[in-house]
Amino acid sequence: MAAAAALAPALRRSLGRPRGGLGGVPRPWPASGGAPRLRSTAASLDGINRAVVDRIIRVDHAGEYGANRIYAGQMAVLGRSTAGPVIQQMWNQEKDHLKKFNELMIAYRVRPTVLLPFWNVAGFVLGAGSALLGKKGAMACTVAVEESISDHYNNQIRTLMEEDPEKYKELLQIIKQFRDDEREHHDIGLEHDAEGAPAYSVLKTVIQLGCKTAIFLSERI
């Protein structure tokens, strides 16, 4: 209870200052001076399978946004611990992923999921809640989430390869790189004793079930 009470101010700070969107959720476009848009934007919109691309970019944007919120929650609890630098390193990569998907949302003219305000809160709570179990709990959460995301990216890669690998070359390159980053995060979690977390198997199963639900909903809504 004391740990939860200590966390409350961090949660309020995290949610209390909107950055241009509903409920503290940033709008899906980069600020001025950010990374340039895709060079092949005009060509990439010609003849693409809109239904497939919309679904992929929408859900991946939501996933990377949720991952950022998870790491924000973990840092709120463990930021000053020995696990802090490791979590921050992974979070920095997730920030880069989200930035790129913000660009892709514009380039391919995809709307974000309406569930972003929910993932804003749910992601932070999951990250902070797992961190309250200690370093091992946070790493167990990382393993569960990153395994789910990398598997999901693999499914998307197969879909785009079946569609037209040349037409979706740029998008495939991005997804493959991010898939590799998520695998690296998964391995880092295992290296930092994720499997030693309390009820590791149960915790992993529950989190991955939540990830599958989030993916299903974010693709469609």
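Count residues from 1 along the sequence.
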Donor-acceptor side-chain pairing of [X] and [Y] below 3.5 angstrom:
X	Y	result
Trp119	Thr113	no
Asn68	Glu64	no
His186	Glu182	no

Are the ring centres of Phe101 and Tyr65 closer than 6.0 Å? no
Would the distance check show the side chain of [X] and the main-chain N or O of [Y] forming a donor-acceptor pair, the cut-off being under 3.5 Å?
X	Y	value
Arg111	Asp54	no
Asp193	Gly196	no
His192	Ile188	yes
Asn120	Leu116	no

OG (Ser218) and CG (Asp60) are apart, to the nearest 0.5 Å, by 10.0 Å
How long is the span from the CG atom in Asp181 to the CD atom in Gln93, to the nearest 0.5 Å? 4.5 Å
For Glu147, which of Lys212, Arg179, Lys204, Arg183 qualifies under salt bridge (Lys or Arg N to Asp or Glu O under 4.0 Å)? Lys204
Closest approach of [X] to [Y] (non-hydrogen atoms, all atoms of both residues):
X	Y	result
Ala76	Phe124	CB-CZ, 3.9 Å
Cys141	Ile70	SG-CG2, 4.1 Å
Pro85	Thr82	CD-O, 3.4 Å
Gly127	Gln74	O-CG, 3.2 Å

Report the hydrophobic cluster partners of Val143, with the cluster defined as I, L, V, M, F, W, Y residues connected by side-chain heavy atoms closer than 4.5 angstrom, directly or transitively. Leu190, Tyr200
Heavy-atom count check: over 12 atoms from other residues, nucleotides or ligands less than 6.0 Å from Arg220 CZ? yes
Identified side chain to side chain contact (heavy atoms under 4.5 Å, CB included) partner of Leu172 from the options Glu163, Lys167, Met161: Met161
Please work out whether the ring planes of Tyr71 and His185 are parallel, tilted or perpendicular, with thresholds of 30° and 60°. perpendicular
